[in-house]
Each structure stands twice: as structure tokens, then as C-alpha cells.
Amino acid sequence: MKSIQASLWVEILKVRKSKIFWGTIILFMFISAMMGLLMFVQIHPGISGKLGMIGNKASMLRFGVPNWKNYLVLLMQGIAGVGLIGIGFVASWIFGREFSDHTVKDILAIPVSRSNIVYSKFIVVIIWSVILSFVYLAFGLLMGWLIGLPDWSGEIVIQYSCNYFVTTILILLLSTPVAFLASYSRGYLIPLGFVILTLLLANFIGMVGLGPYFPWAIPGLYGTPGVTADLQLHVSSYIILVCTCLIGLFGTVAFWRFADQN
Amino acid sequence: MITDIIRTEKISKHYKDVCAVTDMSLNVRKGEIYGFLGLNGAGKTTTIRMLLGMIKPTSGTAYINDKKSSSENTELWRQVGSLVEVPYSYPELTVQENLEIFRRLHFIKNKNAVENIIDKLQLRQYATRKAKNLSLGNNQRLGLAKALIHNPEILILDEPTNGLDPAGIYEIREMLCDMAINRGVTIFISSHILGEISKFATRIGIIHQGKLIQELDTSQLEILCKKRLLVNAHDIEMAYSILSEKGYDVERNAEAHLEIMNSEVINNPDTIATLMVNAGCPPTMLKVEEEDLETYFLRTTGMKGGVR
């Protein structure tokens, strides 16, 4: 316990003092603001011309009637895509930077076990990701209130917020293979490429109707209401997701414990 | 009582078709400063990584304090301080924060440990500076501070004086000597600065092409290092003839001086002076030159530069 407390304190310090942490928060606030802007254009179609290209894009996209319910669906779909990249980036950075900064060799022969170092890093991935997810939703709700979205309902907000956080958890489960790749490739470029590839594949595989069996498509499908029957998630979808998570987790722990650290 | 603090039993490390280290058996006794010498790529860092459990030997075993050196044996690392190759620190964190990390990871209760080691390594004026803004020498000091913060009983250091200025090298050398003599700290140190190692190591191991080719006490070094008498004269050809005729083993070296290897002459160079003066060819130089560790090392490893 003392061991994991020490390594957790260390991991939190590293993140807290990094510019990247604050950069991701600002980025997620910005993306959330963009979602609000899209809804604002929906409410005021006449303004799209004044906003230039962003306005035109927004007016081309249709999210149904501009109200709180549709806005929350938009936020949820947003986190499925942005979250996959954002959380993937967080995991890549936390694990990969130890190798790219060559600091890993200093934490290999210390009284704290390597497993505890890995677990601490995963705990920090969770904390960081939950903060980003919370910032994204909170800022989104604030934007919704500022642009004056109609049909506010506390019940709907709670229901969709719960779904939103479940989507975040599903995405979080996918951070472990990224951590493994960051450790195995000893850096963060390959895992970042992997994250982008999985996002593209998730869209493609979703289109051919195999989304419920592809781990990286599952969070997006969970956040999409009214999907066709072939894209409905079932128990096996969640089993696949959990298995992917466990493979990534144990793979990362095993790599840190047993692989030669040259 | 354990006398061999660091011990390896025929450890080898092979990477595909490359044998980085082959059947290396060495032992370092308590309070000893063991200088580990070798050329680049000789296998020094690979050996150190095996000692620290960072890589697994292909065969053989390394022991520290009679316990198998392994990443799983976390208790072992409480007593060991290490520095492997170029030290790197978290670039966005200050010197103090970097050291606080290691205070926590070594479970040191004394909160002054960071300040103490900052003073000991003379990092006070850089304490609040980010690691990324430190000079090479100060980064090296920070690396050493991380290795020493928990007052380890065993130190495993890979080229610890890299990047330090001469004053810094002297200071670190004195500090390590003090630790070994007064606190009984066992130090395993690799270096390519051979003259430096000969000044403070108590024992030396020479590694070449992955094999430990020699282990010796530094007190033996004087006996093993060859000596020669260098002679110069205005008429070098005449001097050569005089000395050869007298039956001495004379050779010309690259600097056009004469070299005599006979031990009776090396111990009594005045006999040569007398001989040459009497023969009408007085010497302009008589110098007994002793092979230093560097030359001895090069000769032992079969490289150029050794005394023939």
C-alpha cells in the first residue's frame, strides 16, 4: 500500500506539473464550445453566413430539433470520438514519455515494484480522463445554457449524463492496449498512430455492420441512440471490450516486469 | 558474514548472434571500490544492467548481498544506488521535485533528505531550476544525487564523472572515497577515464569483447605495469652502438629516443650515464617511464599504445 501510494504521488506530480495536462483541458473545453456553436447555428440558421466556413459546416449538419435532448446526444457522440483520441493520447503520454525522456531506467531498480508503477500510471490515466470528460460535459452544459437551448429537463440531463459517463468508462477500458503499445514501442508516436487507426477502423467496421464486435467501435455505438438492429450492442460486445482491456493491462504489466529494459 | 557484496556467476548476455557478455564471474568485497574498465561496446553497461535486474542474463546469475539480482526483489534495491549511462531527469520538474520523487520512491522518512543531498552535491543554486535547463555537468550531479539520496550501502555507477569539470571530478572522487573508507560503502564503478579510476579504485576488472580478461588489486598495478628507460643523445646512432655493444636490449621508439627494458638499468639509470659519458657520448636525457593504467589496459586488451 505504501508502495503504491508513493508511486501514485509521483505520477500525479509529473502530470500536475506538465503543460500537456492543462493543454488537454483547454482543448476539451474548446471542442465542447464547438459543439455548443453547432447547436447555436441550428437555433439561428441566419447566423451561419456570418460565421464563414464553420457556420456553413454547421448548417449542413443536422442534429434534429435544437433542444437539450439532441444536444446531449451530440455531446455523447462527441466524447465517443474525441474521448477515444484524448484518452488514447493520455495513456500514450503517461507510459510513452518515460521511454522517450529516458527516465524509465531510474525507476526500474527501486524499492517500488514495477507492477505498482504500472498500476499507478493507470490510476492517473483514469483520473486525468475523468477530469477531461467532466470538463467536456460541464463546459458543454454551460454552453447549452448560454445559447439558450429550449426544453430543459433535469431528468433528461441526468439520464444522458449517466450514459455519457458510461461511454467514458467504455473508452477508458481501451486505454490499456495503448499503454502496452507505448511501453513496447518505447515512445508515444506508435500508440498515437494506433489510436488514429482504430478510430478510422471503428468507422469503417461500423459501416459494414461489425461494430458490435470491434472494441473501438463499441463506445461510439453505445452513445448512439436508435441504431439499426445489426449495430445493437449485446453481452458479447461488452465481453470483447473487457477482454481487450485485460489483454492490454496484463500485457503492460508483463512487459514492465519481465521484458529486458535496454 | 557476507564478504562478496556483488557477485556474478558466469553471466552471459546474447542478443541474437551478438555475445554482449560471455561467462563473466566477478566479485566485489565490502567497502571495495571496484573499477570496471572496458572500451565502448565491451559489455560494461550490459553487465551493469544485469546487476541491476534491468535485463535478464541469457545464462548465469548475478547476486547482490547474496540475493539474486532481479526486478522482483524490490527489498534489495533499498540498499542500492545506481546511475546508468547518461542520467536523465523529468525535464518539466525542478531539481528539488526530481529529488523529492526519489525520496518518496525510496520511502525515506526524513523530509530534509532532499535538502541534504542538494547541499552535498552542490546543487543549491539550481534547486528550483527545471531539469531541462541544467547543464550536462549539473544533470550528472542530479543523477548522482538520485543515486545517493537514500545513503545506499552499495553503489553501482556507470561513467559517473561524464560531463563534470576537473574540479567536479575531484570532488566526486573524494566523496566516493570517503563513502568507501568511512562508511564501508561498496562501489562498483565503470569508467573510460582510466587515469581517474587508478587514483581511487582498490580493485580493477578489465572487460574486453564481453569477457573479463583480468582482475587485479591496484597495489599489483605497479608490479604489472612495465617500466622503461628512455635515453637521448646528440649522436643517437653512436649511443645505440655503445649500449648495444654492452649487451643491453635497446630499441628505437617513434620519438627517435632509445628505450632500454633491462630491469637492472631501470633501477640504476646512473650506470648508463656513466657508460655514455666515458664513451664520449653524454646523454641529453635519461628518463624512467612507468606504464600507466591506460597503457597497461591497451596492452592487455591487445590494442595499440602498450609498451612493447
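Numbers restart at 1 for each chain; the letters A, B, ... are given by sequence-line order, proteins then strands. Both backbone and side-chain heavy atoms feed into the values below; hydrogens, waters and symmetry mates do not.
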The side-chain hydrogen bond (donor to acceptor under 3.5 Å, both in side chains) partners of A:W128 (sequence neighbours excluded) come to A:T24

Residue pairs meeting side chain to side chain donor-acceptor pair (under 3.5 Å), one or both in residues 237-254 of chain A, sequence neighbours left out, come to none

Point to revise | Crowding at CZ, A:F258 (>12 non-hydrogen neighbours, <6.0 Å) | key: yes

Greatest number of non-hydrogen atom pairs under 4.5 angstrom with chain B, of A:I110, A:I117, A:L13, falls to A:I110

Ignoring hydrogens and angles, write down the donor-acceptor pairs under 3.5 Å from the side chains of residues 80-87 of chain A, residues two or more places apart or on other chains.
none

(Q) Take a 6.0 Å sphere around CD1 of A:I147 and say whether it holds more than 12 heavy atoms from other residues, nucleotides or ligands. (A) yes

Applying a strict 4.5 Å limit to non-hydrogen atoms, the region of B:L93 in contact with chain A is side chain

Could you list every donor-acceptor pair linking chain A to chain B (distance under 3.5 Å, backbone and side chains)?
| from | atom 1 | to | atom 2 | distance (Å) |
| --- | --- | --- | --- | --- |
| A:K14 | NZ | B:Y90 | OH | 3.1 |
| A:K17 | NZ | B:E97 | OE2 | 2.9 |
| A:E98 | OE1 | B:Y90 | OH | 2.9 |
| A:E98 | OE2 | B:Y90 | OH | 3.2 |
| A:K105 | NZ | B:V84 | O | 2.9 |
| A:K105 | NZ | B:V86 | O | 2.4 |
| A:D106 | OD2 | B:K146 | NZ | 2.7 |
| A:R114 | NH2 | B:G53 | O | 3.1 |
| A:R257 | O | B:S71 | OG | 3.3 |
| A:R257 | NE | B:E72 | OE1 | 3.3 |
| A:R257 | NE | B:E72 | OE2 | 3.3 |
| A:R257 | NH2 | B:E72 | OE1 | 2.7 |
| A:F258 | O | B:K56 | NZ | 2.5 |
| A:D260 | OD1 | B:K56 | N | 2.9 |
| A:D260 | OD2 | B:K13 | NZ | 2.5 |
| A:Q261 | N | B:M54 | O | 2.8 |
| A:Q261 | O | B:R49 | NH1 | 2.9 |
| A:N262 | OD1 | B:Y15 | OH | 2.9 |

query = Taking side chain as C-beta onward, heavy atoms only, is A:I205 less than 4.5 Å from A:Y213?
reply = no

task: May I ask you to check whether B:F188 and B:F36 place their ring centers less than 6.0 Å from one another?
output: yes

